[in-house]
Amino acid sequence: MLWFSLLVLIPLVAVIITASSGGWSAFANQLQNEQTAAAIWLTIRAALVVTLINVVIGTVIAWVLVRDKFWGKGLLEVIIDIPFALPTIVAGLVLLSLYGAESPLGLHWANTSRSVYLALAFVTLPFVVRMVQPVLEELDADVEEAAASLGASRFTTFRRIILPSLTPAIAAGAALSFARGMGEYGSLVLLSGNLPFESEVASVRILSAIENDNPEGAAAIAAMLLMVSLLVIVVLDLLQRRMVRRG
Amino acid sequence: MAETRRSPRTPLTYVLRIIVIAYLGLLVAWPVFLVGWNAFHVPDVGFTTQAFGEIFSDPQMMHAIQLTCIAAVVATLINLVFGVSISMLLVRTEFPGKRILSAMIDLPLSVSPIVVGLALVLVYGGREGWLGPALESVGIQVIFATPGIILATAFVSLPLVIREVIPVLEEIGTEQEQAAASLGASTWQTFWRITLPGIKWAVIYGVVLTLARSLGEFGAVKVVSGNVLGQTRTATLAVEEKYLNFDQQGAYAVAFLLASVSVICILVVFVLRARGARVR
């Protein structure tokens, strides 16, 4: 307990207290800085968009991994986990090699806001897949067969039978993916170029505030990030409970 | 599972399969492959291991790798001991505030590494931190030194062991432990002889994942370390430094080393899991 407090709780409380040390107006002032506001807005937008992408493609990937069978599927299983285990700075370098200046595809996305979406999509890939996959494996095929035998189309079966039981897992994965997206830093350093108003995210703003010896400013943005993440996690938790009750 | 469930194959099956392969290929497989390629392949020269030779003969680079290994191993050991004991606490005992604690455990996974670094600096910073000046006066420097790097690494990888161990502890139940206790085993004996063998595999997965995460931590370490050449520069910080200094070959080579370690970690867990599934 003591170790946990020393390592996690006290430092995080320190962030909140430092952020509020100048009162509400100082806190709001820090966030109203145009460049900071642009960075926070980009971060929220990118995290939301990428989470939506993950909800769709993550569920599809989990579906293919569980229900389909083909040569090389084991390889895909390993590939899914790579973004989680790869050091974030290496992840940035990895993406730069395909989407950077020397791109063999001719896609020069580095230093644009697209690179932010790309990097977030990379690092948050495993969350929805790994949440949905075990639930899908446990799912009883009998119910689906019953639905089909009663004349439900494949789409209806999916929407009415499968999707409701996957919803909690998808929501949990989405929450993790959003929170991770909000705070991403390492993979963006090399890839996005950190151009103000274009590809600079909130974490980068925090770091430059720290480096400019402005801990209050850094703490204000950090507190803001913590609050947004917390809010989304609470909202998704509520949604998930409602779904479970209805189911 | 004795029977494999499979949906009837329709054109949709193939469309989905192709979408998934294309998405993963473009987003993960191809870029990761290119890093390996770039580490060994120099334009106009061909394949060479020269970049690796330079890394291993550069004392500062070796120091960075060594520091990364030390920090990762110490942080993993801390998280191993702490993770197993807090899992025991959360599963086997009741106390007020338990729900909040178990919700807080996952926090490090969803907090930005930069915020982690900032939080640690605010508390342990030498000049203005809450505890920093006191620690400094007894001769312990945390921020801009190795202890800070270890703290940051331990923070970000904290939940990994716990998340693996808790479900297994819940599943194995307390019957065997109670039997051991009723036969006169001490708490300590019960833990070593009964509980630990039961959660062995979960602990091993957790440790492998923690190690992989620890070796690669970048953001939090960047804030707390100060990135002093030959002292507090870690391998991940060196990748950034090399790339920004137009030493792309070197950056790709270090990145390749780090990536290999993490891919090996994933493969180890993958193989262990597959074996575990067969045994069960």
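As the structure is a prediction and not an experimental result, all values here were calculated from the model.
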Trainee: Can you say whether Leu190(A) sits under 4.5 Å from chain B via the side chain, the backbone, both, or neither, judging by heavy atoms?
Mentor: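 It is the side chain, since no backbone atom gets that close.
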
Trainee: What part of Ile221(A) is in contact with chain B, defined as an atom under 4.5 angstrom from a non-hydrogen atom: side chain, backbone, both or neither?
Mentor: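 Ile221(A) has no heavy atom closer than 4.5 Å to chain B.
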
Trainee: Which atoms of Ile57(A) are under 4.5 Å from chain B, going by heavy atoms: the side chain, the backbone, both sets, or neither?
Mentor: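 Side chain of Ile57(A) only, per the 4.5 Å heavy-atom cut-off to chain B.
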
Trainee: Return the minimal non-hydrogen interatomic distance between Tyr99(A) and Leu27(B), and the atom names on each side.
Mentor: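 Heavy atoms only, the tightest pair is OH-N, 4.4 Å.
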
Trainee: Does the side chain of Leu16(B) come within less than 4.5 Å of Asp68(A)'s, by heavy atoms?
Mentor: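 No, too far: nothing below the 4.5 Å cut-off.
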
Trainee: Checking Ser262(B) now: which residues fulfil side chain to side chain contact (heavy atoms under 4.5 Å, CB included) with it, not counting sequence neighbours?
Mentor: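 In terms of side chain to side chain contact (heavy atoms under 4.5 Å, CB included), with neighbours along the sequence ignored, Ser262(B) is linked to Ala85(A), Leu86(A), Pro87(A).
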
Trainee: Holding to side chain to side chain contact (heavy atoms under 4.5 Å, CB included), I want the full list of residues that pass it with Leu75(A), two or more places apart in sequence or in another chain.
Mentor: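 Checked Leu75(A) against side chain to side chain contact (heavy atoms under 4.5 Å, CB included); matches are Ile79(A).
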
Trainee: Quick check on the structure: residues of residues 253-261 of chain B within a heavy-atom distance below 4.5 Å of chain A, by number.
Mentor: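 Hits under 4.5 Å: Ala255(B), Leu258(B), Ala259(B).
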
Trainee: Does any backbone or side-chain atom of Ala220(B) lie under 4.5 Å from a heavy atom of chain A? Answer side chain, backbone, both or neither.
Mentor: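 Contact with chain A: none, neither part.
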
Trainee: Less than 4.5 Å to any heavy atom of chain B: does that hold for the side chain of Val64(A), its backbone, both, or neither?
Mentor: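 The side chain, not the backbone.
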
Trainee: Given heavy-atom pairs under 4.5 angstrom as the criterion, report whether the side chain, backbone, both or neither of Leu65(A) touches chain B.
Mentor: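 Neither part; nothing is under 4.5 Å.
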
Trainee: Under a 4.5 Å heavy-atom cut-off, does chain A meet the side chain of Glu217(B), its backbone, both or neither?
Mentor: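 When you check distances to chain A, no heavy atom of Glu217(B) falls under 4.5 Å.
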
Trainee: Given that the side chain runs from C-beta out, which part of Leu215(B) has a heavy atom under 4.5 Å from chain A: side chain, backbone, both or neither?
Mentor: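 Neither part.
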
Trainee: Please name all residues satisfying side chain to side chain contact (heavy atoms under 4.5 Å, CB included) with Ser153(A), sequence neighbours left out, ordered by chain then number.
Mentor: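 Scan of Ser153(A) (side chain to side chain contact (heavy atoms under 4.5 Å, CB included), adjacent residues dropped) gives Phe155(A), Thr156(A).
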
Trainee: For Arg163(B) versus Met131(A), what's the shortest heavy-atom pair and its separation?
Mentor: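 Nearest heavy atoms, Arg163(B) then Met131(A): NH2-CE, 4.5 Å.
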
Trainee: Find the distance between CG (Leu93(A)) and CD (Gln248(B)) and round it off to the nearest 0.5 Å.
Mentor: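 The distance works out to 8.0 Å.
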
Trainee: Under 4.5 Å from any heavy atom of chain B, what part of Leu226(A) do you find: side chain, backbone, both or neither?
Mentor: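 Just its side chain gets close to chain B.
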
